[in-house]
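Some notes on the structure that comes next.
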2 protein chains.
Amino acid sequence: MSQESPAAARADQPRRRAVSKRSLATSLAILDAAERLFAERGYDGASVRDIASAAGAQIASISFHHVGKETLFERVVERRAKELSQLRLDALSMLKAHDAKPTLKALLSAFLRPYLEKAGAGDPQWLAYARLVAMVSADIRWHRISERCFDPTAGVFIAEIVKLFPQADRSAIAVSFIFSVSAMLSLSTSQWRIEALSAAAGNQPAMDRLADQLVSFCEAGMRAALKG
Amino acid sequence: MSQESPAAARADQPRRRAVSKRSLATSLAILDAAERLFAERGYDGASVRDIASAAGAQIASISFHHVGKETLFERVVERRAKELSQLRLDALSMLKAHDAKPTLKALLSAFLRPYLEKAGAGDPQWLAYARLVAMVSADIRWHRISERCFDPTAGVFIAEIVKLFPQADRSAIAVSFIFSVSAMLSLSTSQWRIEALSAAAGNQPAMDRLADQLVSFCEAGMRAALKG
DNA sequence: GTCTATATGTAGATAGAC
DNA sequence: GTCTATCTACATATAGAC
């Protein structure tokens, strides 16, 4: 968290003051509140007033810490996107360390599970973020954010799948990967639907059960789409 | 379109005047413009001012014809939802007329293809509507519209699939149906992504090719998820 | 860094003339 | 049914005191 050391404070060279704890706390509180409200109400539906109020901060502090509403939104998305991408790439590295040619199921699992685990672990901030990602992915207005935050990692996994199926049509691989991602996102956007449609069945499926179903679904679906 | 007849005009009983052609045209122009702008910018992002302007109408005419912004939005979604549901149910009837026990693939096809055909035929109004449906499906604020417009038909198809797989877990069927629907919706929300990711492959997949891939993907995925 | 006050724009809705 | 004019509320952003 880069707290300043006494030695640094004594340096005679004029220097940029380190961010104070309080300032950092305000900035983070704003990011957290924005994450929640953007996820609940969408970009236009969440006002900076409400965000500031939910963060216990002043309206003016949003411009001070995060330039403006648009930059705030981008920072909210980017913050966790980096962590998520890292988790996915770590899972991929681990996989390849054990097996130079991982299975399709293992690849999909490495990509899908970090998201599901974060979203399903009950952390409300990650749950909100999961809905936010779904929003960004579906809205053409934010497609630059998608390109920057999500597409590079997706590209790495698609390249791995291409290596596994060198004879398959590459665009078919890309398309079925998108089907898989959108099925993944549906678990956070359509949770209420799942609950409603499962109600007749009498039981609520647990998140890890859902994750298994998703991976099975996507693997089989992709194999079928690549054959066609 | 319920034009009034001279005979009716001469009736001595006072009656509700039929809607004039011009009024109807204005009302429809507003619906069309709203469909496009809501799809492009979301509910909050599209103002009634812009909608009225795009429709060549006055702002006040929106309240006059459609009560207010929220009712306008619901009417936009409902208008085509009825047509879409009918196409799906017709396809199902046709299917069952030939075969009391249709295949899973045939059932999925009956549900998925009407949407894809409408969205893929190049009609820009239907394309906008397809994006709008994706928006409504993903946004919890509109889940009442989903329940009213889409869930009943989805329920009919899920019931058919349950009949096909009486031994399978019902909630697993519901969940994989949701995966399928969200993969379907991704074709309209992620078209730019498909284009970007397919670019490396050099060719743009045609819509009917995509539809085949989607049906194959969902059928195989669902079978796998039901086994698990 | 924070806060008050305010500038400036735009939102949705409607009253009342035509 | 349409259109002009306007009401009221709320949006984002910033200037300047503390």
Side-chain angles (χ1 to χ4, degrees), chain A residues 1-4 9 14-38 40-77 141-142, chain B residues 1-4 9 14-38 40-77 141-142:
Chain A
M1 288 280 186
S2 86
Q3 277 177 240
E4 55 186 279
R15 54 171 182 75
R16 179 100 64 83
R17 178 176 293 280
V19 192
S20 79
K21 270 189 193 171
R22 183 163 171 223
S23 168
L24 198 63
T26 303
S27 171
L28 281 179
I30 290 170
L31 282 176
D32 287 344
E35 185 169 73
R36 191 162 46 78
L37 291 181
F38 281 141
E40 275 171 15
R41 312 180 191 172
Y43 178 78
D44 300 289
S47 70
V48 293
R49 282 179 145 75
D50 292 342
I51 291 168
S53 162
Q58 297 299 319
I59 309 166
S61 68
I62 289 194
S63 293
F64 180 82
H65 287 285
H66 301 289
V67 188
K69 191 183 188 182
E70 203 165 316
T71 301
L72 173 62
F73 184 78
E74 289 175 11
R75 287 185 184 176
V76 164
V77 177
R141 288 180 296 168
W142 304 115
Chain B
M1 290 274 181
S2 87
Q3 278 179 239
E4 52 185 280
R15 56 175 179 75
R16 178 101 65 83
R17 177 176 294 280
V19 193
S20 77
K21 270 188 193 171
R22 186 170 170 214
S23 169
L24 197 65
T26 302
S27 171
L28 280 179
I30 290 170
L31 283 177
D32 288 343
E35 184 169 72
R36 191 161 47 79
L37 291 182
F38 281 140
E40 276 170 17
R41 312 179 192 172
Y43 178 78
D44 300 290
S47 70
V48 293
R49 284 182 147 74
D50 291 343
I51 291 168
S53 161
Q58 296 299 318
I59 309 166
S61 67
I62 289 192
S63 292
F64 180 82
H65 288 284
H66 301 288
V67 187
K69 192 183 187 182
E70 202 165 316
T71 301
L72 173 61
F73 184 78
E74 289 175 12
R75 288 185 184 178
V76 163
V77 177
R141 289 179 297 168
W142 303 114

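Only heavy atoms go into these numbers, but all of them, side chains included; no hydrogens, no water, no symmetry mates. Below, chain A is the first sequence line, B the second, and so on; all start at residue 1.
Residues A:S23 and A:S20 approach most closely at N-OG, 3.0 Å, considering heavy atoms. Among all heavy-atom pairs drawn from B:R41 and A:D44, the shortest one is O-OD2, 4.0 Å.
If you check the side chains of A:D50 and A:S53, you find no donor sitting under 3.5 Å from an acceptor.
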- Note on the structure: In 5'-to-3' order, the base (B), backbone-only (S) or no-contact (-) status of each nucleotide in nucleotides 11-18 of chain C, using a 4.0 angstrom heavy-atom cut-off, is BBSB----
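The shortest distance between the side-chain N/O atoms of B:T26 and the OP1/OP2 oxygens of D:dT2 is below 4.0 Å.
Rounded to whole angstrom, the span from the CD1 atom of A:I51 across to the P atom of D:dC10 amounts to 17 Å. The interatomic distance linking A:Q58 (CD) with C:dT6 (P) rounds to 15 Å, in whole Å.
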Could you list the donor-acceptor pairs under 3.5 angstrom formed between side-chain atoms of residues 29-37 of chain B and any protein atom two or more places apart in sequence or on another chain?
unit_1	atom_1	unit_2	atom_2	d
B:D32	OD1	B:R79	NH1	3.0
B:D32	OD1	B:R79	NH2	2.9
B:E35	OE1	B:R80	NE	3.1
B:E35	OE1	B:R80	NH2	2.8
B:E35	OE1	B:Q125	NE2	2.5
B:E35	OE2	B:R80	NE	2.7

Identify every side-chain donor-acceptor pair in residues 62-73 of chain A under 3.5 Å, counting partners at least two apart or on other chains, and give the distances.
unit_1	atom_1	unit_2	atom_2	d
A:H66	ND1	A:R75	NH1	3.2
A:H66	NE2	A:S27	O	3.2
A:H66	NE2	A:S27	OG	3.4
A:K69	NZ	A:Y43	O	2.9
A:K69	NZ	A:A46	O	2.9

